[in-house]
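Notes follow once the structure below has been shown.
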Amino acid sequence: MASVGVELPALGESVVEGTVSRWLVKEGDVVRVDQPLVEVTTDKVDAEIPSPTAGVVEKILVPEGETVPVGSVLAQIAPGAEAAAAPPAPVEPAAAAAPAAAAAAPAAAPSAAAVEARATPVARRMAEDSQVDLGDVAGSGVSGRVTKRDVAAVAAPSAPPAAAAAPAAPRAPAARGELPAYMHYELQEGDRVVPMTPLRRIVAEHMVLSKQTSPHVGTVAEVDMGGVARFRDGHKRAFREANGYSLTFLPFIVHATVRALREYPRLNASVVEDAIVEKQGVHIGVAVETDKGLVVPVVRHADRLSLAGLAAAIEDLSGRARGKKLSPDELRGGTFTVSNPGRHGNLYGFAIINQPQVGILRMGEIAKRPVVRELDGEDAIVIRPTMHLALSYDHRAVDGAPANGFLHRVRELLEEAEYTL
Amino acid sequence: MSAARTFDLAVVGAGPGGYVAAIRAAQLGMQVAVIEEDRPGGVCLNWGCIPSKALLTGAELVETLRLHGDTFGVTPQGLVLDYGKAIDHSRKTADRLCKGVHSLFRKNAVTLVSGRGRLAGPGAVQVTGEDAGEVRAERILLATGSTEWVPPGIEVDGQRVLTSREALESKTVPERMVVIGAGAVGVEFAYIYANYGSQVTMIEMAEQMLPGADHDVAATLQREYRRKRIEVKTGTRFEELKRANGGLRVRVSGAEEAEIEADQVLVAIGRRPLSEDLGLESVGVETDDKGFVRVDAELRTTAAGVWAIGDLIGGPLLAHKASHEGTAVAEWMAGMKRPPLDHRTIPGCIYAQPQVAWIGRSEAEAREEFGDGIRVGSFPFTASGKAIAAAHSAGFVKLIAEPRYGEIVGAHLVGAGATELVAEIGLAMTLECTTAEIAATTHAHPTLAEAIHEAALLAEGRGINF
């Protein structure tokens, strides 16, 4: 019987490669179906890759410490009855043995599946163009047929199918290599060359793609954070004692954001081909700075959470993001993003939209600033903690009126500052 | 029926959307009630698509004998036209198909509740009329459809001023007929009346017949209609309908300021959704400003447990769109996984001669979306052996493919058989085919369908017969 290749599955939406950190088996070992074979680390998650079949480890192809792109064959398993030590597990179809971690892509599908995959003619041509293995694509068409949408989703998660110009070939950010001469830089003595980490490259690609895809427009609100600060000050200590972590400003911002999103569903949307899809679920990506770069875990159904619930979810996700303990699912499916650059966020700034969403809110530094208030019928300069909230939105989907209305509503909710813990 | 009866699904409206949804839901194991105040089959079967096709067949026969009888050596001596008989045949056709829907309901154990249904709070439909009472169901599907829209200032009397509804029962043919609106309904009735002997004038506000259709299609149709001596006034706005001395005068503005004399006027401007007096507010079903019920991608309304399909939710107001949505909504209700709806692959068809059919994007839309690199293959029926032999050489088949993969993104057909031919393109688009797959398919010779094959070859720059 032909040996079965163990491929590196796509362990997350934008994971393009992984490093073999440790082999748990050696050549000649007898393995059961689903037995962990190898530990792989990526920038977002660490995972064990299970055996797609029962059999004998014929050959290990990627040594420990080496980094290879998604889809690379890590080892060959010879399936068969030699698996004497194991219960006589029948050789299951590869798809059934796909590891749970790789929900979107049956990881270890033998390449024969690609040949047999039911796919539409356009999907086939697209897959060829973008070097996608059809066997790795879950079909959403009639009888599970792979359609162009399915290939587009795998090839370039955020590009609309018609404009899927960026091939999925992992290492080539869209524009590199096509730069005009004046944009080239000749290295000078003393320059320090810092190779991009895989995460950096992914971020770079996403940024370029997002700017190419969405016409960004910005709008800024100045928010009086007095009410929020007062509430937070009043509960800070008790909260910390009860929960073991601090109540930060971020959950307050997310709290106001999700409520405003429900009133302005156009901001909780995606552009899909020539339609705007307003999403029922409100899942908020929270940008977290880690020592390796930016990660955006998602608070699912954030509109169903109370302030305390949001605080707990954010604490949990950001803690695990820093420890690289997030599962791929926790990085997917956001419908809107809130970015908190932290203490040194400066006055305000416009973030780049996290595709395929249509809006992102960026918090500015919260600082005491002089503002004019009417006190007893007279204008007076008073000192208030204020924050500038900047919304970047995709003008393809959102016009100025709803965008401004949404941001204004976020501000109102923050200034009303009505909370229970 | 007095006490409330409980079902898994209550469908309000038994048109081509509602009855199909009911049958599909029953197939999937639901207990289904369909509430209908008129006859099952809806406008389509009783007062639209089907009976009008019966009349069009008669009109086509008249035209064939008049224009081509001599060509084939068939010269009728004193052609006698009795339009009343055509109307009788069209009513019999509708009756027969209506009985067919009844028997399909019986076969699938769908309960037909006769009366008018209105939502009466969550999970409840209040029925007035023959089977008055309450129907309760966990799921409710609204499929009440649409009706003719008549602009204010026009009074439809069923004698001199008609909509398609009255026209389908009116057994006389006026000497002078004015048709207001050159959409599908206007175009078909103009053809019927013109062939049964009326002097027909069409008025259309847009710059072309069939507003929204591909420009070449509209231009060809307009040319053919003028050949039939149907006067088509595009860019002309209806202003006022005056009644004088037993006759009618239609005042128009725009391309021409005039008063057109008529014995009958057919109003075919458009349709409006039947969303009023449905009790929508009782559960919070929202509509848009035109009255169409708002739904999400899986046809859920803004109220939990209530879905809506067909003309009631807008989009192309077509029976086959409603039926397709009916199947889909039943499957979604049953928790089945199925591909999303794709409104791009819904064909539009006009059944006069020459027939018109289209699917997907117009050439202008494709150009806007994919740029000037789109591939267009246009094959005229004047180069088709079958069309010439049948003396039906007007029209063409135009295929539009996007530049990157050659995927077919639109097709526009004018000519005999167009409404049947478009099915091939529908399948091709559903399967995301490119012009290469059509080109690689052997089409029988001689057929009209060869025109599609040739158009695909032309789009690839390798036409043989043109």
Side-chain angles (χ1 to χ4, degrees), chain A residues 103 117-130 132 134 137-153 155-156 159-168 213 262-263 265-266 268-282 335 356 396-397, chain B residues 286 288 294-304 315 324 327-328 331-332 336-345 360-362 365-371 373-374 400-410 426-441 456 460:
Chain A
R118 291 159 65 98
T120 70
V122 170
R124 280 181 200 285
R125 290 184 185 197
M126 238 165 133
E128 212 170 282
D129 258 23
S130 47
V132 168
L134 282 173
V137 184
S140 70
V142 175
S143 311
R145 193 180 300 269
V146 174
T147 68
K148 60 182 172 188
R149 276 191 339 154
D150 303 330
V151 178
T213 305
R262 278 200 311 226
E263 294 171 36
R266 184 48 63 90
N268 194 57
S270 278
V271 176
V272 178
E273 299 198 28
D274 57 354
I276 295 158
V277 177
E278 295 179 355
K279 298 165 192 172
Q280 195 165 38
V282 179
T335 62
R396 287 179 308 162
Chain B
E286 289 174 18
D288 69 11
R294 286 178 46 198
V295 293
D296 67 10
E298 297 195 351
L299 305 168
R300 285 178 286 248
T301 68
T302 47
H324 193 76
T327 305
E331 293 178 355
W332 276 319
M336 276 175 73
K337 203 169 135 56
R338 53 159 292 139
L341 293 170
D342 182 5
H343 283 179
R344 286 270 190 218
T345 53
R361 301 154 180 83
S362 70
E365 286 166 346
R367 217 167 273 290
E368 193 167 312
E369 185 171 346
F370 300 104
I374 56 166
I400 303 164
E402 51 81 38
R404 194 169 159 87
Y405 304 106
E407 182 184 7
I408 296 162
V409 295
L427 176 64
M429 287 181 69
T430 302
L431 288 173
E432 295 180 353
C433 284
T434 72
T435 46
E437 282 76 36
I438 303 247
T441 304
E460 301 204 329

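The figures that follow rest on heavy atoms only: side chains count, while hydrogens, waters and symmetry mates do not. Note on naming: letters A, B, ... go to the chains in the order of the sequence lines (proteins, then strands), and numbering restarts at 1 for each one.
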With a 4.5 angstrom heavy-atom cut-off, is it the side chain or the backbone of Thr147(A) that approaches chain B, or both, or neither?
both

Can you see which heavy atom on [X] is nearest to which on [Y], and at what distance?
X	Y	value
Gly141(A)	Pro339(B)	C-CG, 3.7 Å
Tyr405(B)	Arg125(A)	O-NH1, 2.9 Å
Thr434(B)	Val122(A)	CG2-CG2, 3.7 Å

Salt bridge (charged side-chain N to carboxylate O under 4.0 Å, His left out) with Asp296(B): which residues, sequence neighbours excluded?
Arg300(B)

Looking at Glu263(A), I want to see if its CD is surrounded by more than 12 non-hydrogen atoms of other residues, nucleotides or ligands under 6.0 Å.
yes

Tell me whether the count of non-hydrogen atoms from other residues, nucleotides or ligands lying under 6.0 Å of CZ in Arg262(A) goes above 12.
yes

Is it the case that the side chain of Glu437(B) and the backbone of Pro121(A) share a donor-acceptor pair, with hydrogens and angles ignored and the cut-off at 3.5 Å?
no

Between Glu407(B) and Lys148(A), is there a salt bridge with N-O shorter than 4.0 Å?
yes

dist Asp274(A):CG -> Glu368(B):CD (nearest 0.5 Å) comes out at 11.0 Å

Where do Glu273(A) and Arg344(B) land on the salt bridge (Lys or Arg N to Asp or Glu O under 4.0 Å) test, with the steps shown first?
CA-CA 11 Å; Glu273(A) 299 198 28; Arg344(B) 286 270 190 218; over 6 Å; no

